[in-house]
Enquirer: 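Questions regarding the structure given below will be posed in turn.
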Amino acid sequence: MSLKSARDFFRPLAVGAPAPLREIPARPSRAIHFFDPSNEKMAAKVPGMIGTVDVLLGNLEDAIKADNKVAAREGLVRIAQSTANLGGQSGPTQLWTRINALDSPWVLDDLTTLVPAIGDKLDVIMVPKVQGAEDIHYIDRLLAQLEAKAGLTRPILVHAILETARGVANVEEICGASPRMQGLSLGPADLAADRKMKTTRVGGGHPGYLVRQDPPRGTDSAETDPVFDPGRAIFQQDLWHYTIAKMVDACAMHGIYPYYGPFGDIADVVACEDQFRNAFLLGCVGTWSLHPKQIAIANRVFSPSVEDIAHARRVVAAMGDGTGAVMIDGKMEDDASLKQCLVLVELAEQLAAIDPELKKQYDAIETVEA
Ligand SMILES: CC(C)(COP(=O)(O)OP(=O)(O)OC[C@H]1O[C@@H](n2cnc3c(N)ncnc32)[C@H](O)[C@@H]1OP(=O)(O)O)[C@@H](O)C(=O)NCCC(=O)NCCSC(=O)C[C@](C)(O)C(=O)O
Ligand SMILES: [Mg+2]
């Protein structure tokens with residue numbers, strides 16, 4: 001892989017294109033809510049969702065029928081142009097899109113239509129099925145040319161979906177391929193197919209992927225029949241743990257943001273919440289929402305709880321200049337656990353700035369002396 005010099009990395013890739021950002025802004029993005037801009041019923045709901053969801057994403061790729069690709073692209077342009085407070089750093093809700101795959105017949109028209117028409121409102125472009133740095137380099141140069149032509153003053157950021165085995169293998173070079181890289185999401189359906197995993201679910205766990213409690217002492221495990229042996233507990237495992245953890249490390253290393261992705265069992269709100277929470281605990285900043293009812297789940301899970309913030313503030317207060325060790329409720333806290341607490345406190349501050357209800361809850365926390 002050829003590496004750019006440090007100086008060249010932050011140079012615009014086209015004369016007249018906006019300067020790349022040195023840091024990716026930490027804008028709240030707990031839920032990236034997908035809608036089909038060619039579906040009139042869904043599109044009609046978009047204005048009413050502003051302020052209730054951190055990101056609205058006009059989807060142009062999979063889940064949009066081939067016959068509706070042009071209508072979806074045009075619908076997104078119309079919605080972006082006619083909806084106030086959506087995208088472009090002005091409002092509470094960002095506007096993203098997911099373009100078609102780089103080898104599809106639609107992607108070039110997606111980019112050459114969207115950037116001149118609504119490039120000033122589009123915060124992030126999600127690129128599906130990214131295989132390696134070369135895919136990001138292609139998008140990077142093309143966006144710079146289109147931004148220059150359109151006279152844009154702010155670079156559009158790029159988000160890659162991790163949904164091929166090669167993409168997972170190349171995840172670090174993908175994250176570091178361009179200063180436009182904003183983050184990564186897991187694409188569990190395409191990734192499962194590409195890896196030849198044997199699950200047909202869109203994200204989430206699988207009852208067959210488990211570990212089982214040992215048989216009682218003195219029993220020959222060969223004699224136990226799992227079907228007639230209900231006494232042995234089974235523990236379902238997370239099929240996606242390895243990939244999410246790998247994605248989180250690659251993103252943290254490059255100063256960009258990891259997201260879970262889709263949870264296809266819309267009816268199972270409980271398992272959806274579990275999957276989202278696992279991702280939150282592992283370091284993801286948000287997830288996708290495919291149906292309006294997943295927005296509230298994502299907002300709840302990806303906002304630190306009042307209890308966590310109360311504890312984190314106690315530790316911050318007790319640690320004074322941030323060095324040494326103290327005991328709080330029987331537990332040791334030191335320089336490192338202070339940093340863990342600051343992750344939560346800083347996230348709470350960012351969220352409180354855009355979510356008045358959450359601000360009220362965090363403001364009501366009484367400071368308890370350690
Ligand atoms: C699942 C579906 C078919 C159920 O749609 P439905 O109409 O059957 O659901 P409903 O419960 O009956 O809907 C109730 C109301 O909500 C509306 N509605 C419903 N959904 C939305 C929405 N998203 N945004 C805004 N409004 C929505 C719907 O139009 C209806 O309106 P109404 O009350 O006026 O009749 C529908 O929700 C949907 O199409 N969601 C988006 C699906 C999508 O974007 N999939 C692609 C992302 S996942 C993926 O690509 C994989 C990945 C990463 O690539 C990889 O793993 O490889
Ligand atoms: Mg996919």
Side-chain angles (χ1 to χ4, degrees), residues 31-66 68-69 71-73 75-76 79 83 86 93 95-104 106-107 110 124-131 135 159-168 174 183-206 239-240 243-244 247 258-269 272 275-276 279 284 286-299:
I32 303 166
H33 180 73
F34 272 56
F35 68 94
D36 171 356
S38 71
N39 178 322
E40 282 178 16
K41 265 200 331 190
M42 275 195 208
K45 294 205 160 37
V46 164
M49 290 174 135
I50 292 173
T52 68
V53 61
D54 297 340
V55 179
L56 280 163
L57 180 146
N59 180 28
L60 307 183
E61 200 226 8
D62 292 358
I64 309 302
K65 284 177 97 51
N68 290 344
K69 292 288 185 186
R73 187 190 298 139
L76 179 58
I79 290 164
T83 313
L86 177 60
T93 297
L95 178 65
W96 295 21
T97 186
R98 177 171 75 169
I99 55 172
N100 284 287
L102 297 182
D103 61 356
S104 75
W106 305 291
V107 64
D110 289 345
V124 176
I125 290 181
M126 191 181 266
V127 184
K129 304 176 177 74
V130 170
Q131 300 273 16
D135 288 341
H159 181 110
I161 314 180
L162 217 46
E163 49 187 352
T164 66
R166 186 147 81 84
V168 175
I174 291 169
L184 291 185
S185 290
L186 173 72
D190 270 300
L191 182 56
D194 194 57
R195 283 175 170 165
K196 303 202 177 354
M197 291 167 72
K198 306 303 183 294
T199 169
T200 54
R201 300 173 172 206
V202 177
H206 192 290
L239 278 172
W240 304 107
T243 314
I244 294 174
M247 176 176 82
Y259 297 78
Y260 166 64
F263 190 88
D265 190 345
I266 309 288
D268 192 349
V269 290
C272 175
Q275 182 80 60
F276 287 179
C284 291
T287 185
W288 297 12
S289 149
L290 303 184
H291 187 279
K293 67 182 175 188
Q294 292 185 334
I295 295 174
I297 304 172
N299 284 351

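Numbering of ligands and ligand atoms starts at 1, following listing order.
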Enquirer: Going by the order shown, which atoms of ligand 1 are within less than 4.0 Å of some heavy atom of Ala63?
Expert: 43 (C), 45 (N), 46 (C)
Enquirer: Might you check, step by step, whether the distance between atom 8 (O) of ligand 1 and some protein heavy atom is under 4.0 Å?
Expert: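 Neighbour list for atom 8 (O) of ligand 1 is empty of protein heavy atoms (cut-off 4.0 Å).
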Enquirer: Looking at Ile32, Thr83, Thr93, which one forms a side-chain contact (heavy atoms from CB on, under 4.5 Å) with Leu56?
Expert: Thr93
Enquirer: Do any non-hydrogen protein atoms sit less than 4.0 Å from atom 3 (C) of ligand 1?
Expert: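 No, no protein heavy atom sits under 4.0 Å from atom 3 (C) of ligand 1.
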Enquirer: Considering only residues two or more places apart or on different chains, which pairs with a residue in residues 53-62 satisfy side chain to side chain donor-acceptor pair (under 3.5 Å)?
Expert: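 Applying side chain to side chain donor-acceptor pair (under 3.5 Å) to every pair that reaches into residues 53-62, excluding sequence neighbours, yields Arg30-Asp54, Asn59-Arg98, Glu61-Arg98, Glu61-Lys129, Asp62-Lys129.
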Enquirer: Does any N, O or S atom of Asp190, backbone or side chain, fall under 2.8 Å from the Mg ion (ligand 2)?
Expert: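 It does: Asp190 brings an N, O or S atom closer than 2.8 Å to the Mg ion (ligand 2).
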Enquirer: Heavy-atom distance to atom 24 (N) of ligand 1: which of His33, Lys45, Lys41 wins?
Expert: His33
Enquirer: Does Glu61 bring an N, O or S atom to within less than 2.8 Å of the Mg ion (ligand 2)?
Expert: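 No N, O or S atom of Glu61 is closer than 2.8 Å to the Mg ion (ligand 2), so no.
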Enquirer: Distance to 0.1 Å, residue and atom name: give those for the protein heavy atom nearest to atom 49 (C) of ligand 1.
Expert: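 Answer, as residue, atom name and distance: Arg98 NH1, 3.8 Å.
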Enquirer: Would you call the rings of Phe34 and Trp288 parallel, tilted or perpendicular, where under 30° means parallel and over 60° means perpendicular?
Expert: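 The arrangement is parallel - the two ring planes meet at less than 30°.
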Enquirer: So how far is it from His159 NE2 to Tyr259 OH, rounded to the nearest 0.5 Å?
Expert: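 With rounding to 0.5 Å, NE2 (His159) is 6.5 Å from OH (Tyr259).
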Enquirer: Do the non-hydrogen side-chain atoms of Met197 and Pro188 ever get within less than 4.5 Å of each other?
Expert: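 Not in contact.
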Enquirer: For a side chain to side chain contact (heavy atoms under 4.5 Å, CB included) check, start with the C-alpha distance between Arg195 and Val168, then their side-chain angles and the critical distance, and finish with the verdict.
Expert: CA-CA 10 Å; Arg195 283 175 170 165; Val168 175; 4.0 Å; yes
Enquirer: In Å and rounded to the nearest 0.5 Å, what is the CD1 to CG distance from Ile125 to Leu60?
Expert: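 Result: 9.5 Å between the selected atoms.
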Enquirer: Does Asn59 have a non-hydrogen atom less than 4.0 Å from ligand 1?
Expert: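 Distance cut 4.0 Å: Asn59 passes for ligand 1.
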Enquirer: For atom 52 (C) of ligand 1, what's the nearest protein heavy-atom neighbour? Residue, atom name and distance, please.
Expert: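 Of the protein heavy atoms, Glu163 OE1, 3.8 Å lies nearest.
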Enquirer: Under 4.0 Å and counting heavy atoms only, is there anything from the protein next to atom 57 (O) of ligand 1?
Expert: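 True for atom 57 (O) of ligand 1.
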Enquirer: Go through Thr52 and Asn299 one step at a time and tell me if the side chain to side chain contact (heavy atoms under 4.5 Å, CB included) criterion holds.
Expert: CA-CA 9 Å; Thr52 68; Asn299 284 351; 5.9 Å; no
Enquirer: Report the residues that fulfil side chain to side chain donor-acceptor pair (under 3.5 Å) with Asn100, sequence neighbours left out, ordered by chain and then residue number.
Expert: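 Asn100 satisfies side chain to side chain donor-acceptor pair (under 3.5 Å) with Lys69, Asp110 once adjacent residues are dropped.
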Enquirer: Looking only at protein heavy atoms, identify the closest one to atom 38 (C) of ligand 1 and say how far it is in Å.
Expert: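 Protein heavy atom at minimum distance: Met42 CE, 3.5 Å.
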Enquirer: For atom 19 (C) of ligand 1, what is the nearest protein heavy atom, given as residue, atom name and distance?
Expert: Pro292 CD, 3.8 Å
Enquirer: If hydrogens are left out, which of Leu191, Leu290, Val46 has an atom nearest to atom 37 (O) of ligand 1, that is, the closest non-hydrogen atom?
Expert: Leu290
Enquirer: Does the side chain to side chain contact (heavy atoms under 4.5 Å, CB included) test come out yes or no for Lys45 and Phe35, once each step is laid out?
Expert: CA-CA 9 Å; Lys45 294 205 160 37; Phe35 68 94; over 6 Å; no
Enquirer: Identify, by name, the N, O or S atom of Glu163 lying closest to the Mg ion (ligand 2).
Expert: OE1
Enquirer: Looking only at heavy atoms, is any part of Pro262 under 4.0 Å from ligand 1, and if so is it the side chain, the backbone, or both, or is it neither?
Expert: side chain
Enquirer: Could you tell me whether atom 31 (O) of ligand 1 has at least one protein heavy atom nearer than 4.0 Å?
Expert: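 Given the 4.0 Å cut-off, atom 31 (O) of ligand 1 counts as touching protein heavy atoms.
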Enquirer: Atom 23 (N) of ligand 1: which of Trp288, Phe263, Phe34 has the nearest heavy atom?
Expert: Phe34
Enquirer: Name the closest protein heavy atom to atom 12 (O) of ligand 1, giving the residue it belongs to and the distance to 0.1 Å.
Expert: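 Going atom by atom, the protein heavy atom closest to atom 12 (O) of ligand 1 ends up being His291 NE2, 5.0 Å.
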Enquirer: In Å, rounded to the nearest 0.5 Å, how long is the span from CD1 of Ile295 to CG of Leu290?
Expert: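 Result: 10.5 Å between the selected atoms.
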Enquirer: Between Pro292 and His33, is any pair of side-chain heavy atoms under 4.5 Å apart?
Expert: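 Result yes, sub-4.5 Å side-chain heavy-atom pair found.
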Enquirer: Looking at atom 28 (C) of ligand 1, would you say a protein heavy atom lies below 4.0 Å from it?
Expert: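 No, there is none.
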Enquirer: With the threshold set strictly below 4.0 angstrom, can you tell me whether any protein non-hydrogen atom sits that near atom 35 (O) of ligand 1?
Expert: yes
Enquirer: Mark up the atoms of ligand 1 that fall under 4.0 Å of a heavy atom belonging to Asp190, in ascending order.
Expert: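 Going through ligand 1 atom by atom, the ones under 4.0 Å from Asp190 are 54 (O), 55 (C), 56 (O), 57 (O).
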Enquirer: Checking Gln294 side chain against Cys272 main chain: does a donor-acceptor pair fall under 3.5 Å?
Expert: no
